[in-house]
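Accompanying notes for the structure given below.
Note that the structure is a prediction, hence the values are computed from the model and not measured.
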Amino acid sequence: MEQFTYTIQDPDGLHARPAGMLAKFALSCTSSVSIKKDGKNLDAKRLFSVMSLGVKKGDSITFQIEGENDKADCAKLKSFCERNI
């Protein structure tokens, strides 16, 4: 299992567009991807789960990646976050 914490940079937080992009990207990972914030641990591959966290700019979220390709998926997800959210 791999994990990392990311602080949201998007001025609008994880509203519909970036949340949709994140969920779609997570779907491309072969590993399971969960997102944690404020004691909630939800499936990052589900748009409504991501949006239900109410993530705003400056909030920190933790991703947990677990599976056969967790190291590669973790690196790709980190890069995605840095470029998009």
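Between the side chain of Gln64 and the main chain of Thr62, no donor-acceptor pair closer than 3.5 Å is present. Not a single donor-acceptor pair under 3.5 Å links the side chain of Ser79 to the backbone N or O of Lys76.
With rounding to the nearest 0.5 Å, the separation of CG in Asp73 from NZ in Lys78 is 13.0 Å. The CE atom of Met21 sits 10.0 Å away from the SG atom of Cys81 when rounded to the nearest 0.5 Å. A distance of 9.0 Å separates CG in Leu14 from CG in Asp59, rounded to the nearest 0.5 Å. One distance of note links CD1 of Ile35 with NZ of Lys40; it measures 11.5 Å at 0.5 Å rounding. In this structure, the separation between OH on Tyr6 and CG on Leu77 is 10.5 Å, given to the nearest 0.5 Å. Atom CD of residue Gln3 and atom CD1 of residue Ile65 lie 8.0 Å apart, to the nearest 0.5 angstrom.
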Given Asp10 and Arg17, is the side chain to side chain contact (heavy atoms under 4.5 Å, CB included) satisfied, shown in steps? CA-CA 11 Å; Asp10 189 304; Arg17 186 185 54 76; 4.1 Å; yes

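In the hydrophobic cluster analysis, where Ile, Leu, Val, Met, Phe, Trp and Tyr join through side-chain heavy atoms closer than 4.5 angstrom, Phe4 is grouped together with Val33.
In this structure, Phe63 and Glu2 have side chains that are not in contact, with every pair of non-hydrogen atoms separated by 4.5 Å or more.
Here the closest non-hydrogen pair linking Gly13 and Pro18 is O-CG, 3.6 Å.
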Quick one: side chains of residues 43-55, donor-acceptor pairs under 3.5 Å with protein atoms, not counting sequence neighbours, listed by atom name and distance.
{"from": "Asp43", "atom 1": "OD1", "to": "Lys45", "atom 2": "N", "distance (Å)": "2.9"}
{"from": "Lys45", "atom 1": "NZ", "to": "Cys29", "atom 2": "O", "distance (Å)": "3.0"}
{"from": "Lys45", "atom 1": "NZ", "to": "Ser31", "atom 2": "O", "distance (Å)": "2.9"}
{"from": "Ser52", "atom 1": "OG", "to": "Phe48", "atom 2": "O", "distance (Å)": "3.4"}
{"from": "Ser52", "atom 1": "OG", "to": "Ser49", "atom 2": "O", "distance (Å)": "2.8"}

